[in-house]
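Step one of this worksheet: look at the structure below.
Values below: every heavy atom of this structure, side chains too, minus hydrogens, waters and symmetry copies. In the text below, chain A, chain B and the rest are named by the order of the sequence lines, each starting its count at 1.
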Protein chains: 2
Amino acid sequence: MADIIFSPAAERAAASADPESRAEGEPIWDLIELLFFAYRDFVSDPDHVLEKFGFGRAHHRVLHFVNRNPGLKVADLLETLRITKQSLGRVLKQLVDEGYVVQKEGPDDRRHRLLFVTPKGEQLAMKLAGLQTARITRALAGLGPNAHEAARAFLAAMVDDESREGVLRFIARADRARRPR
Amino acid sequence: MADIIFSPAAERAAASADPESRAEGEPIWDLIELLFFAYRDFVSDPDHVLEKFGFGRAHHRVLHFVNRNPGLKVADLLETLRITKQSLGRVLKQLVDEGYVVQKEGPDDRRHRLLFVTPKGEQLAMKLAGLQTARITRALAGLGPNAHEAARAFLAAMVDDESREGVLRFIARADRARRPR
DNA sequence: AGAAATATGTCAACATGGCTGACATAATTT
DNA sequence: AAATTATGTCAGCCATGTTGACATATTTCT
């Protein structure tokens, strides 16, 4: 890094664009901060829509995972979201009362309450997913052909080792569950 | 993707790994969900440490950006975090009272309160950044040689168009600010 | 010089969404 | 019959976001 730099663009690039330039033990500032900024904007699109419905992020997460995995058990949802049943109960009750989610008795074990979105619930869930998809599509459009795979590989690798397997299984299982609608 | 698949791993991959298999208008479920799970785990490492100090995520964010950009003005920090001055005030006051951050009068404009981390503050900020860096390093280690650049490009593209320029400038500027220590 | 604008801080009140602890009910398993 | 499991609910606490109003010091504008 003893190069003499002339253009502002080159200076900017040199400051952070080359990961090899990072000193041993120096934090990876660019990805740490980009994760913060990217996530901040990623969740902001749904937030604006949810506000009009009187819902918050917590409702979005519940609606999303129920939509993606129809028949999900309450216990599984709790584990996925890593929140307590009291926290879930608060938002789930609202979603049920307002007709976005229904609960059915489990066919094998009648203690289970299987969760399903109503048509109204699916509509909202898909609208929110559409907003996030639009952002992702815009992002990928400006990148190379392998950008989707690269992003998926990076994000999957960022998940806890103990959770990764389950997360990937969840995604794959949900794809199968939703496909034949 | 008409291949006949035998192994469970390949089957799993086929369920969601090929973006070309996504129907037109179908949400990009994998990245939507991986962003959720990756971010959830990404912030959990610092959370555990912060708890011992009686701090939360809000303190972390403030400490992080002050550490990264010594002499930051309060107004700039507010814009970066996109929170109100009242929300910032609450956590900033604690960080100042407990000796992690100091405020100095601006040399040119004495209304400004320039923010700096103390040695104690820097130590904590670097510890937290180290945890996040360890996770990122582990993630990148299992991927190809361009994984860092690919991740950066994707995350930067996910940021709002209006914010992206500023975010990248912030990262580059902060790198310069911290380099000659 | 005086007025207006700016940067920051602070008080009070409220909303969201986490948490713990305690307890209730119904169904299943032992 | 007893123990365990799945779920729900009440009450209260905490962290962190919000709005609105107002105070102070400083700078800028006229």
What is the distance from [atom1] of [X] to [atom2] of [N], rounded to the nearest Å?
X: B/Asp47; N: C/dC19; atom1: CG; atom2: C1'; answer: 14 Å
X: A/Leu72; N: D/dA6; atom1: CG; atom2: C1'; answer: 14 Å
X: B/Leu92; N: C/dT8; atom1: CG; atom2: P; answer: 11 Å
X: B/Lys93; N: C/dT10; atom1: NZ; atom2: P; answer: 6 Å
X: A/Asp109; N: C/dT28; atom1: CG; atom2: P; answer: 5 Å
X: B/His112; N: D/dT27; atom1: NE2; atom2: C1'; answer: 10 Å
X: A/Lys104; N: C/dA27; atom1: NZ; atom2: P; answer: 19 Å
X: A/Leu63; N: C/dG17; atom1: CG; atom2: P; answer: 13 Å

Treat each ILVMFWY residue as a node, draw an edge where side-chain heavy atoms are under 4.5 Å apart, and state whether [X] and [Y] are in one component.
X: B/Val66; Y: B/Leu114; value: no
X: B/Phe116; Y: B/Phe65; value: no
X: B/Leu143; Y: A/Ile28; value: yes

Next on the checklist: Would the base of C/dT8 count as contacting B/Arg111 through its side chain, where contact means a donor and an acceptor less than 3.5 Å apart?
Outcome noted: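 Flag unset: no donor-acceptor pair detected.
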
Checklist entry - If you look at every strand shown and take non-hydrogen atoms under 4.0 Å, does B/Glu51 touch a base, only sugar-phosphate, or nothing? => result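 The residue B/Glu51 makes no contact with any strand.
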
Item to check | Sidechain-backbone polar pair: B/Arg164 side chain, B/Ala156 backbone, donor-acceptor under 3.5 Å | outcome: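 Yes, because the side chain of B/Arg164 sits within donor-acceptor range (under 3.5 Å) of the backbone of B/Ala156.
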
Checklist entry - So which nucleotide from D/dA25, D/dT7, C/dG9 ends up closest to the side chain of A/Arg113? => result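 It is D/dT7.
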
Checklist outcome for this item: Reading nucleotides 12-23 of chain D from 5' to 3' and marking B where a protein heavy atom lies under 4.0 Å of the base, S where only the sugar-phosphate is that close, and - otherwise, the string is ----BBBBBB--

Item to check | Along DNA chain D (nearest heavy atom to each residue), the more 5'-positioned of A/Gly89 and B/Arg110 | outcome: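 Result: A/Gly89.
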
Checklist entry - What class does the angle between the rings of A/Phe42 and A/Tyr39 fall in, given that below 30° is parallel, 30 to 60° is tilted and above 60° is perpendicular? => result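 Tilted, since the angle between the ring planes falls between 30° and 60°.
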
Item to check | Passing candidate, side chain to side chain contact (heavy atoms under 4.5 Å, CB included) with A/Glu33, options B/Leu168, B/Val167, B/Ile171, B/Thr80 | outcome: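 One option only clears the test, and that one is B/Ile171.
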
Checklist entry - Under 3.5 Å, is there a donor-acceptor pair linking the side chains of B/Asp47 and B/His60? => result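 Result is no, nothing qualifies.
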
